[in-house]
Amino acid sequence: KQEVTQIPAALSVPEGENLVLNCSFTDSAIYNLQWFRQDPGKGLTSLLLIQSSQREQTSGRLNASLDKSSGRSTLYIAASQPGDSATYLCAVPPWNQGGKLIFGQGTELSVKP
Amino acid sequence: GAVVSQHPSWVICKSGTSVKIECRSLDFQATTMFWYRQFPKQSLMLMATSNEGSKATYEQGVEKDKFLINHASLTLSTLTVTSAHPEDSSFYICSAPATFGETQYFGPGTRLLVL
């Protein structure tokens, strides 16, 4: 059974810092891995989707990497801003069950001005 | 871009009443939708897969008679929490897969508080 874990659970950094969020998964047989952002009391916004054949994806100040063999992904946020404050979730679809997603617990990020 | 809406955005009800939550894909069709539940400070847990024209598929541990799902059309799925109790208080979020590709579009969520 696939399990997804995110470390740390919470992170507070001063504005301008570069930071890394970690995601690990127990079953390396994945189609893809996604990173989402969730603002308090809101739904999810997709940030990046990495296919199993890819090593990384970039969007603006965000860079996500994937190492299937070790069951790890990282989300790198460059030059953090207060507006980046949110909970970041990673998720993978179970093998052969398209559409469903198994989520990690999330990392609650606070960027201080 | 594709949008998924949910209604209501929040609801407060008395214990024992039933609550219906709607999930709509606004500019695309979704033969499948997913319902998740999120308790405070916890992650999203998949409850069930809603299938247009057929029965929903429930995850282990989710009571199908308590959480009724109806996928009446290609743009609407409803989740009814029957005889709600305080332990059902949670944030309910639906999602629908994109027509092409692997992106999932999530609704804004419905916060349910059962008194």
side-chain hydrogen bond (donor to acceptor under 3.5 Å, both in side chains) partners of B:Q42, counting only residues at least two apart: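 For B:Q42 there are no side-chain hydrogen bond (donor to acceptor under 3.5 Å, both in side chains) partners, ignoring immediate neighbours.
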Does [X] share a hydrophobic cluster with [Y], counting links as ILVMFWY side-chain heavy atoms below 4.5 Å and allowing steps through other members?
X: B:M33; Y: B:F91; value: no
X: A:V92; Y: B:Y105; value: no
X: B:V62; Y: A:L101; value: no

Flag yes if more than 12 heavy atoms outside [X] fall under 6.0 Å of its [atom1] atom; otherwise flag no.
X: A:R55; atom1: CZ; value: no
X: A:K68; atom1: NZ; value: yes
X: B:E52; atom1: CD; value: yes

Please list, in residue-number order, every residue in residues 34-51 of chain A that has a heavy atom less than 4.5 Å from any heavy atom of chain B; write 'none' if there are none.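 At a heavy-atom separation under 4.5 Å, chain B is reached by A:Q34, A:F36, A:Q38, A:G41, A:K42, A:G43, A:L44, A:L49, A:Q51.
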message: Is B:L44 in contact with chain A via its backbone, its side chain, both, or neither, using a 4.5 Å heavy-atom distance?
response: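 Answer is both: backbone and side chain atoms of B:L44 are under 4.5 Å from chain A.
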Exercise. Let me know if B:Q38 has heavy atoms under 4.5 Å from chain A in its side chain, its backbone, both or neither.
Key: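 For B:Q38, the side chain is the part near chain A, not the backbone.
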As an exercise, state the distance from CE of B:M45 to CD1 of A:I102, rounded to the nearest 0.5 Å.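 The CD1 atom of A:I102 is 8.5 Å from CE of B:M45, to the nearest 0.5 Å.
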